[in-house]
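Report on the following structure.
A quick note: this is a predicted structure, and the numbers were derived from the prediction, not measured.
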Amino acid sequence: MLRLVEDVRAIRAKDPAARGTLEILLCYPGLHALAGHRLAHRLWRWRVPLLPRLLSHLTRFFTGIEIHPGASIGRRVFIDHGMGVVIGETAVVGDDCLIYQGVTLGGTSLSRGKRHPTLEEHVVVGSGAKVLGNIRVGDCARIAAGSVVLEDVPPKKTVAGVPARIVGDVNCPQPS
């Protein structure tokens, strides 16, 4: 229950269009996808066969957001207008990240090890961006919409383009 309260507060803080708690609870597919993922992830860690993948599949059907049950998602993550978001099995998303629609956190190999990206804390990933492979996106980094990220992104940097390159710095005051 604490996670749900944190998620609602994060959405209210990050989305100026959020009108109220009831609207967020009923109408935000990113919130629904994260709730479904938490259950699927717990079952995945307990090594329950089939059920985590089935739950993930049903969550994708209802929300348009695909999060593999093996992915690790932090606290207060907000998936805004999440249609088409794909988060792969070995992806890690840190606390307080913001992910927009059409984002892929995908793999580039068929190996069984770590093959998806890691987003550290306070990362923003713009619409349609593709972050691919076992790479690290540093704290407070920003990924511009439509970018294709194939290499590590240092903390507090903005990247843009195909392939993505550093285009600026980010002023990211960390909340205490």
Side-chain angles (χ1 to χ4, degrees), residues 1-119 123-135 137 143-149:
M1 191 60 138
L2 175 62
R3 286 277 181 106
L4 182 62
V5 170
E6 279 186 335
D7 288 343
V8 169
R9 286 182 180 155
I11 291 169
R12 290 190 79 127
K14 294 177 183 175
D15 187 359
R19 301 278 184 256
T21 300
L22 186 60
E23 178 186 43
I24 292 168
L25 289 170
L26 295 175
C27 302
Y28 275 67
L31 180 70
H32 304 150
L34 289 171
H37 171 73
R38 287 193 186 106
L39 177 57
H41 185 67
R42 181 173 296 135
L43 295 170
W44 182 264
R45 285 192 344 243
W46 290 345
R47 299 186 189 278
V48 173
L50 185 60
L51 192 54
R53 292 297 303 268
L54 181 60
L55 182 56
S56 174
H57 183 73
L58 289 171
T59 301
R60 180 185 67 181
F61 177 80
F62 286 109
T63 66
I65 299 167
E66 180 175 346
I67 307 173
H68 191 284
S72 295
I73 309 291
R75 300 173 83 109
R76 299 171 304 278
V77 170
F78 178 29
I79 301 173
D80 193 12
H81 300 288
M83 184 61 75
V85 168
V86 176
I87 300 175
E89 177 183 14
T90 63
V92 176
V93 178
D95 296 343
D96 302 299
C97 289
L98 173 57
I99 299 172
Y100 286 98
Q101 69 271 14
V103 166
T104 299
L105 304 180
T108 57
S109 79
L110 299 176
S111 70
R112 290 202 179 269
K114 177 85 167 101
R115 62 189 184 281
H116 297 93
T118 296
L119 306 183
V123 172
V124 176
V125 185
S127 300
K130 308 304 175 204
V131 186
L132 305 174
N134 181 14
I135 62 173
V137 178
I143 298 171
S147 297
V148 177
V149 182

TODO: Output all residues satisfying side-chain contact (heavy atoms from CB on, under 4.5 Å) with Arg60, sequence neighbours left out; order by chain, then residue number.
DONE: His57, Glu66
Please round to the nearest 0.5 Å and tell me the distance separating atom [atom1] of [X] and atom [atom2] of [Y].
X      : Y      : atom1 : atom2 : value
Ile135 : His116 : CD1   : NE2   : 11.5 Å
Lys130 : Thr108 : NZ    : OG1   : 15.0 Å
Glu6   : Arg76  : CD    : CZ    : 5.0 Å
Leu43  : Leu55  : CG    : CG    : 7.0 Å
Leu31  : Asp80  : CG    : CG    : 12.0 Å
Ser72  : Leu119 : OG    : CG    : 11.5 Å

TODO: Show your reasoning for whether salt bridge (Lys or Arg N to Asp or Glu O under 4.0 Å) applies to Arg75 and Asp95.
DONE: CA-CA 5 Å; Arg75 300 173 83 109; Asp95 296 343; 5.8 Å; no
[X] (side chain) donor-acceptor with [Y] (main chain) under 3.5 angstrom:
X      : Y      : value
Ser147 : Ala129 : no
Lys14  : Asp96  : yes
Ser56  : Pro52  : no
Thr63  : Ile65  : yes

- [ ] Report yes if the side chains of Leu34 and Phe78 come closer than 4.5 Å at any heavy-atom pair, otherwise no.
- [x] no
Which residues pass the side chain to side chain donor-acceptor pair (under 3.5 Å) test with [X], sequence neighbours left out?
X      : result
Arg115 : Glu89
Arg45  : none
Ser109 : Ser111

Open item on the list: Listing request: all salt bridge (charged side-chain N to carboxylate O under 4.0 Å, His left out) pairs with a residue in residues 27-42, at least two apart in sequence or in separate chains.
Closed with: Asp7-Arg38
Open item on the list: Val8 vs Leu25, test: side chain to side chain contact (heavy atoms under 4.5 Å, CB included). Steps then yes/no.
Closed with: CA-CA 8 Å; Val8 169; Leu25 289 170; 3.9 Å; yes
Task: Within 6.0 angstrom of Arg9 CZ, more than 12 heavy atoms from elsewhere - done: no
TODO: Would you check, one step at a time, whether the test side chain to side chain contact (heavy atoms under 4.5 Å, CB included) holds for Ile67 with Ile79?
DONE: CA-CA 11 Å; Ile67 307 173; Ile79 301 173; 4.1 Å; yes
Task: Criterion side-chain contact (heavy atoms from CB on, under 4.5 Å) against Ile143, the qualifying member of Val103, Val125, Ile99 - done: Val125
Open item on the list: Ignoring hydrogens, what is the shortest heavy-atom contact between Thr90 and Lys114? Give both atom names and the distance.
Closed with: O-NZ, 2.7 Å
Task: Residue pairs involving residues 17-44 (criterion ring pair (Phe, Tyr, Trp, His ring centres under 6.0 Å); sequence neighbours excluded) - done: His37-His41, Trp44-His68
